Amino acid sequence: MLFLSMLLMGGIIGFVGAGGSGVIITLLVVGFGVPIHQALAVALGSMAFTTLSGAVSHYREHEVIPLTGAVLGAGGLLGALLGAVISNHMEAPNLSLFTGVMLLSSAVLLYLRIYRAVWLSAHIHVREELLTGRRLCLCGLPVGFLCGVLSGAFGIGAAAYIQIALMVVFGVPLLQAIGTTMMIIVPISVSGGIGYLLYGQLEPWLFIQTLVALSLGSYVGAKLTHLAPLPVLRFWIVALPTIGGTIMILFH
């Protein structure tokens with residue numbers, strides 16, 4: 001049942017084009033009774049593989065700003081390790097609650113970016129030129145570190161936060177922001193996964209089942225994306241983290 005459920009979830013994630021790590025956590029915890037710490041470990045470990053292929057694909061299409069991604073990724077790598085330590089010292093009910101809140105906040109950011117882009121651009125100053133040099137390091141390392149802590153502690157990729165930061169603070173255009181975000185999530189996921197592994201929270205058989213099922217499902221789902229109307233895709237990109245976050249809070 002776990003494999004089949006993750007296969008279906010992978011298909012939905014691939015179809016929608018969203019990361020969906022928060023929904024995976026919700027399914028493992030609420031649906032199958034997996035301890036929250038083990039669910040976070042599986043989600044981060046899975047992201048390390050799934051985002052790597054996506055980042056390579058975006059890089060080949062020249063949709064990645066390598067230097068910006070490397071700076072934020074370096075900060076995120078350190079932050080995710082600290083986040084994993086923080087998570088493993090939190091009690092399960094509190095961790096589930098905070099994870100749910102983080103998912104809902106991600107859904108709000110995605111909603112603003114997708115449905116209220118004009119309002120967002122009118123109220124938030126977006127940097128017009130790419131941030132470089134020493135200022136890139138001074139801003140990139142702490143921003144990456146903070147996103148890494150959030151990802152490591154709560155098992156989410158923090159993609160919405162990273163994309164907004166790339167566009168607003170670092171002057172990365174939207175298309176490159178999406179690809180660069182995937183590059184940044186790779187070291188964050190690897191580091192956070194290692195952190196949970198050191199605490200003995202990464203259960204191998206659970207991780208293998210989840211990774212294989214998600215990979216197969218996502219591959220098939222991605223092939224069907226072009227068949228869906230754009231409004232449907234936009235709706236589910238926001239709906240997935242909203243549903244996951246709400247369930248986590250209600251059942252924490």
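The first residue of the sequence shown is numbered 1, and numbering continues consecutively from there. Note that the coordinates shown come from a computational prediction; the quantities given were computed from them, not determined experimentally.
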Can you give each donor-acceptor pair under 3.5 Å made by side-chain atoms of residues 89-98, sequence neighbours left out, with the distance rounded to 0.1 Å?
from, atom 1, to, atom 2, distance (Å)
His89, ND1, Val85, O, 2.8
Ser96, OG, Ala92, O, 3.1

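- Nearest heavy atom pair, residue Tyr59 against residue Pro66, reads CE1-CG, 4.0 Å.
- Counting all heavy atoms, side chain and backbone alike, Ala84 lies closest to Gly192 at CB-O, 3.9 Å.
- Applying the 6.0 Å contact sphere to CZ of Phe32 captures more than 12 heavy atoms from other residues, nucleotides or ligands.
- Cluster annotation: Leu67 and Ile188 are assigned to the same hydrophobic cluster (Ile/Leu/Val/Met/Phe/Trp/Tyr, side-chain heavy-atom contacts under 4.5 Å, transitive).
- Every residue was checked against the side-chain hydrogen bond (donor to acceptor under 3.5 Å, both in side chains) condition with Gln209, not counting sequence neighbours, and none meets it.
- Nearest heavy atom pair, residue Ile184 against residue Gly69, reads CG1-O, 3.6 Å.
- The side-chain heavy atoms of Ile36 and Met248, taken from C-beta on, include a pair separated by under 4.5 Å.
- Scored by the side-chain hydrogen bond (donor to acceptor under 3.5 Å, both in side chains) test, Ser105 finds Tyr161 as partners (sequence neighbours excluded).
- Side-chain contact between Ser5 and Leu27: present, with at least one pair of heavy atoms (C-beta onward) separated by less than 4.5 Å.
- With sequence neighbours left out, Ala39 forms a side-chain contact (heavy atoms from CB on, under 4.5 Å) with Ile25, Leu28, Val29, Val34.
- Contact of the Gln201 side chain with the Leu40 side chain is not registered, since no non-hydrogen atoms from C-beta on lie closer than 4.5 Å.
- Met182 and Val190 sit in two unconnected hydrophobic clusters of ILVMFWY residues. Membership requires side-chain heavy atoms under 4.5 Å apart, directly or through other members.
- Using a 4.5 Å heavy-atom cutoff, the side chains of Val108 and Thr242 are not in contact.
- Linking ILVMFWY side-chain heavy atoms closer than 4.5 Å, directly or via other members, places Ile162 and Val71 in a single hydrophobic cluster.
- Under the 4.5 Å side-chain heavy-atom criterion for Ile, Leu, Val, Met, Phe, Trp and Tyr, Val238 and Ile247 are members of the same hydrophobic cluster.
- Considering only residues two or more places apart in sequence or on other chains, Tyr111 meets the ring pair (Phe, Tyr, Trp, His ring centres under 6.0 Å) condition with Tyr115.
- A search for side-chain contact (heavy atoms from CB on, under 4.5 Å) contacts involving Ile65 returns Thr68, Leu130, Val172, Gln176, Thr180, not counting sequence neighbours.
- To the nearest 0.5 Å, atom CG of residue Leu166 and atom SG of residue Cys147 are 8.5 Å apart.
- Following chains of ILVMFWY side-chain contacts shorter than 4.5 Å, one cannot reach Val64 starting from Leu77, and the two form parts of different hydrophobic clusters.
- In this structure, OG1 on Thr132 lies 12.0 Å from CZ on Phe170, to the nearest 0.5 angstrom.
- Taking the side-chain hydrogen bond (donor to acceptor under 3.5 Å, both in side chains) definition, one finds that Ser87 meets it with Tyr196, sequence neighbours left out.
- Residues satisfying the side-chain contact (heavy atoms from CB on, under 4.5 Å) test with Ala213, not counting sequence neighbours, are Phe3, Met6, Leu7.
- Contact detail for Ser189 and Leu44: the closest heavy-atom pair is CB-O, 3.4 Å.
- For the pair Gly45 and Phe207, the tightest heavy-atom approach, listed with the atom from each and the gap, is C-CE1, 3.4 Å.
- Distance NE2/His37 to CG/Asn88: 5.0 Å, rounded to 0.5 Å.
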Side chain to side chain contact (heavy atoms under 4.5 Å, CB included) evaluation trace for Ile249 with Leu104: CA-CA 10 Å; Ile249 291 175; Leu104 288 181; 3.4 Å; yes
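- Between Arg135 and Leu131, the shortest heavy-atom contact is O-CD2, 3.7 Å.
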Determine, step by step, whether Leu202 and Ile194 satisfy the side chain to side chain contact (heavy atoms under 4.5 Å, CB included) criterion, reporting the C-alpha distance in whole Å, the side-chain angles of both residues, the deciding distance to 0.1 Å, and the verdict. CA-CA 9 Å; Leu202 188 60; Ile194 291 174; over 6 Å; no
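- Between the Ser191 side chain and the Pro187 main chain, no donor and acceptor come within less than 3.5 Å of each other.
- Leu78 pairs by the side-chain contact (heavy atoms from CB on, under 4.5 Å) definition with Phe145, not counting sequence neighbours.
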